[in-house]
Visitor: 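The structure follows.
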Amino acid sequence: METKVKKEIREVHKEDLQILMNDINEKSFRVQQIMEWLWLKNARSFDAMTNLSKNLRDELALRYTFRPLTVNKTQISEDGTIKVRFETFDHHFIEGVLIPSTDRLTACISSQIGCSLTCRFCATGKMERVRNLLFYEIYDQVAILQELAEKHFQKRLSNLVFMGMGEPLLNYNHVLRSIDKITWSKGMGMSPSRITVSTSGIAKQIKQLADDKVKFNLALSLHAADNEKRSKMMPINDSNKLEDLVEALDYFYKETHSPITYEYILFAGVNDSDLDAANLIKLCRRIPSKVNLIEYNAVEGTGFVKPDHTILDRFVSTLQKNKVNVRVRRSRGKDIDAACGQLANKG
Ligand code: SAH
Ligand code: SF4
């Protein structure tokens, strides 16, 4: 007998569920109930769908499968940051982080298992890329972090950032599909203006975002406004030069009217001089933007270190004097390796 691989229930189109309900003599409102279980109540098994008859649950289980993420480990930092290690159905691990601050509760999630890019300063970049995450695996991270937010902080998530493992724009379709579900008005209903996708800079895909008229925010991991320096830190810059990125970002702004965030990690003696600041200021004059200066979280063996406070303060004030909208992002959850660029399934 031919063995057919079962589809994951969340990949099944509503129309196909409708046909199934007809075939097995179930009322059509069951489809709506199933959609609610999947995208509002975040069920992770057929048996959890308690307002469906046992018979209908069995019929579903016969045809479809469920491949939810499971929580493998949870760690809480002394600053309140919570890191979760998730396990996929095929036994790989990814990480997501819940970051409380005075006015926000931010979830940071992964888009790939590992990363194929090899940014020199990043712990994830040292791992192999295993595979892209599926849209429902991306969604599950948010759903689970939402549950933890309510349990630990009695609050819902206020913001979502794709700044965990992986390069979101190299998993374009599934990232966009997951955001569709996360923002679905009848489901989780998060506003796209609260979501930020961070990219190391894939010009073609940035243009695609523009053509798709996305409503979420885009952040570019810049780290140097100079090709030579940027290429040394980020090999992706060899094939996606600053000129190409800038052109793609101009187009993105033209189509979406959404300002860009530039992420800039300061590395001592590498990109923290007055000339580096001047290059950054010039770039910021093109389209409406802001700069997040990120404190570097040391990763062993990279050779990069963060500059001392006087250098940081000087860089910030140079930007401010030139009317750049700049914020310094201190790192969180360092004691549990939960900070940006430290996610590597270590502990
Ligand atoms: N791949 C995407 C998103 C994941 S990385 C990207 O590169 O943008 C998320 C952010 O963490 C990026 O801005 C990245 O440059 C930054 N980052 C990587 N390693 C870091 C480290 N060790 N310390 C601080 N930030 C780091
Ligand atoms: Fe990948 Fe982003 Fe890390 Fe670069 S910084 S290796 S793109 S996860």
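Nothing fancy with the numbering, it's 1 onward along the sequence. One-based numbering, in listed order, for ligands and for the atoms of each. Keep in mind that this is a model prediction, so the values were computed, not measured.
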Visitor: Working to the nearest 0.5 Å, report the span between CG of L245 and CD1 of I206.
Guide: 5.5 Å
Visitor: Quick check on S111 - does any of its heavy atoms sit under 4.0 Å from an atom of ligand 1?
Guide: no
Visitor: So, does N159 use its side chain to make a donor-acceptor pair with the main chain of L105 at under 3.5 Å?
Guide: no
Visitor: Taking only heavy atoms of E295 into account, list the atoms of ligand 1 that are under 4.0 Å away from them.
Guide: 24 (C)
Visitor: Where's the contact between N297 and ligand 1, heavy-atom distance under 4.0 Å: side chain, backbone, both or neither?
Guide: both
Visitor: Evaluating non-hydrogen atoms only, which member of V197, L222, I265 is closest to atom 26 (C) of ligand 1?
Guide: I265
Visitor: Is the shortest distance from a heavy atom of M165 to ligand 1 less than 4.0 Å?
Guide: no
Visitor: To which of M163, R120, H223 does the heavy atom nearest atom 14 (C) of ligand 1 belong?
Guide: H223
Visitor: Taking non-hydrogen atoms only, is F162 closer than 4.0 angstrom to ligand 1 via side chain, backbone, both or neither?
Guide: backbone
Visitor: Which option out of C115, G164, S200 puts a heavy atom nearest to atom 5 (S) of ligand 1?
Guide: G164
Visitor: Does the structure place the NZ or CZ of R57 under 6.0 Å from the centre of the six-membered ring of F46, at an angle of no more than 45° from the ring's axis?
Guide: no
Visitor: Can any side-chain N or O of T81 pair as donor or acceptor with the backbone N or O of S77 at less than 3.5 Å?
Guide: no
Visitor: Within the stated cut-off of 2.8 Å, is an N/O/S atom of C122 closer than that to atom 3 (Fe) of ligand 2?
Guide: yes
Visitor: Parallel under 30°, tilted from 30 to 60°, perpendicular over 60°: which one fits the rings of F304 and F267?
Guide: tilted
Visitor: I need the atoms of ligand 1 closer than 4.0 Å to a non-hydrogen atom of V299, numbered in the order shown.
Guide: 22 (N)
Visitor: Please confirm whether the ring centroid of H223 lies under 6.0 Å from the ring centroid of F121.
Guide: yes
Visitor: Got an N/O contact under 3.5 Å between Y296 and ligand 1?
Guide: no
Visitor: Mind checking the CG-CG spacing from L222 to L280? Nearest 0.5 Å is all I need.
Guide: 6.5 Å
Visitor: Can you tell me if Y139 uses its side chain to pair, donor with acceptor, with the backbone of W39 under 3.5 Å?
Guide: yes
Visitor: Without swapping roles, check the side chain of E167 against the backbone of S200 for a donor-acceptor pair under 3.5 Å.
Guide: yes
Visitor: Taking only heavy atoms of S200 into account, list the atoms of ligand 2 that are under 4.0 Å away from them.
Guide: 7 (S)
Visitor: Are any side-chain N or O atoms of Q75 and backbone N or O atoms of V84, one a donor and one an acceptor, separated by less than 3.5 Å?
Guide: no
Visitor: Number the atoms of ligand 1 from 1 as they appear, then name those within less than 4.0 Å of a heavy atom of G166, with their elements.
Guide: 1 (N), 2 (C), 3 (C), 4 (C)
Visitor: Are the side chain of K290 and the backbone of R327 linked by a donor-acceptor contact shorter than 3.5 Å?
Guide: no
Visitor: For T199, take its heavy atoms, then give the atoms of ligand 1 lying under 4.0 Å from any of them.
Guide: 6 (C), 8 (O)
Visitor: List every atom of ligand 2 that sits less than 4.0 Å from any heavy atom of C115, numbering the atoms from 1 in the order shown and giving each element.
Guide: 1 (Fe), 6 (S), 7 (S), 8 (S)
Visitor: Atom OH of Y264 and atom SG of C284: how far apart are they, to the nearest 0.5 Å?
Guide: 10.0 Å
Visitor: I need the contact type for E263 against ligand 1. Using non-hydrogen atoms and a strict under-4.0 Å cut-off, is it side chain, backbone, both or neither?
Guide: side chain
Visitor: For C122, counting its heavy atoms only, list the atoms of ligand 1 lying under 4.0 Å from any of them.
Guide: 18 (C), 19 (N)
Visitor: With a 4.0 Å cut-off on heavy atoms, is G166 in contact with ligand 2?
Guide: yes
Visitor: Using heavy atoms and a threshold below 4.0 Å, how should the contact between C119 and ligand 2 be classified: side chain, backbone, both, or neither?
Guide: both
